[in-house]
Amino acid sequence: MREYKRAWRERNAAHIWEYRAAYDAEHPDVKRAEARRYAEKKRQERRRKQSRQVSSKKYYEANKAKHHEYTRQWRLRKLAEDPEGYRAARAVIQRRWYEKHRDERNAKLRAEHRENPELKRAAARAYYAAHAEEQKAKRRAYYAANREKVLAANRAWKDRETRRLHAGLPPRRLHTTPVAERRANTAAADAFFAQQWPAEEVAALRRRRGLSLEAVEPVPAEVVARFERDSQRARIEHTLATDFSYADRARTAEARRYLAAQQPRGWQIRAAAEEARMDAIGKQINNRLRHREPPRRPHHLDPAAPHPMLSPNNPMGMNR
DNA sequence: GAGGATCAGCATTGTGCACT
DNA sequence: AGTGCACAATGCTGATCCTC
């Protein structure tokens, strides 16, 4: 009977709709009352659901230990009943969760590792020590399977090293900063940038350097003129480089001649001197930041062993 | 080939809610 | 009041890739 009625309603949906609309138009008060009843019913449902949640939560909080024990037993039972099926079902659920929280979780793992890398390192060292041969065999198998890839990576590395040596650059050493050092750096930066200078101290500093406001000389007209010339030159250079309406060669040459004419006599000499001065500053900074002796950890199995990089046969020792 | 960083995946435990 | 289960989170281990 139910099925028959459902089919009938489906067949006559348009008719029912018309009939309802006509009835509602004739009895607006009935329609309103119906709407109110419906809204009230929904509200009640929501309230009931909420109170169920609250009481469930209360019950859970009151019987937490019991519930944990129950859940533990339930899981053991399920596992015993059907180990394969249970594991598979669980894996699906976990997979779902993992897909949804992949980035978040990985970020968390990275942060944890950064906070305390020793934990993981110690475990890795122990593992390597216990499975040295196995690991080496795996490495060899990987090499056998990916020989070209490994060789290409080695070539790329050697090329880079060669370029570095020719350019006279210091060795490139990537290393993470230990937690303690990171903390100290942050604290120092905070102390430096957040420090408040009392007005009288600022005044004292200025006096000591002959920078008191009264003593500041007006900027010489010549310096102002040079600054304005340089600014204009930079603007023109920028326009030439970016505005295609200046693509015409003759006009470009003309503009350059104009720029040259604008420069005061001897500007090339002065520019070279400035260049040399900037170079000297750059070198100083470079020297200060250079890693002279890159940090090394002793060999994890044999702390007395020389580092492979120091081996005369190791191509990586080329920078020594 | 050593050792580090990162990530995936399984194990374990905790939490909350629907349902009986 | 109690059960059952999905989702959430963390622990632990090993795989893979990277740098040197």
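A note on names: the letters A, B, ... follow the listed sequences, proteins ahead of strands, and every chain is numbered from 1.
- Residue A/Arg90 is classed as a base contact, given a heavy-atom separation below 4.0 Å to a base.
- Remark: A/Arg110 is in phosphate contact with B/dC7, judged by side-chain N or O atoms under 4.0 Å from OP1 or OP2.
- Close to B/dT15, at under 4.0 Å from its OP1 or OP2, lies no side-chain N or O of A/Lys57.
- Neither side chain, A/Gln232 nor A/Glu228, offers a donor N or O lying under 3.5 Å from an acceptor on the other.
- Of all nucleotides listed (C/dA1, C/dT10, C/dC5), C/dA1 comes nearest to the side chain of A/Tyr59.
- For A/Ile93, taking side-chain heavy atoms from C-beta onward, the closest of the listed nucleotides C/dA9, C/dT10, C/dC7 is C/dC7.
- At a threshold of 4.0 angstrom between heavy atoms, the contacts of A/Arg105 include nucleobase atoms, whether or not backbone atoms are also involved.
- Phosphate proximity of B/dT12 to A/Arg72: absent, as no side-chain N or O sits under 4.0 Å from OP1 or OP2.
- Taking every heavy atom of residues 60-70 of chain A and every atom of DNA chain B, pairs under 4.0 Å involve A/Tyr60, A/Glu61, A/Lys64, A/His67, A/His68, by number.
- Residue A/Trp74 places none of its side-chain N or O atoms closer than 4.0 Å to OP1 or OP2 of C/dT3.
- A/Arg96 has a side-chain polar atom (N or O) that falls below the 4.0 Å cut-off from OP1 or OP2 of C/dC7.
- For A/Arg75 and B/dT13, the shortest distance from a side-chain N or O to OP1 or OP2 is not below 4.0 Å.
- When the side-chain nitrogen and oxygen atoms of A/Lys100 are compared with OP1 and OP2 of C/dC7, none of them lie within a distance under 4.0 Å.
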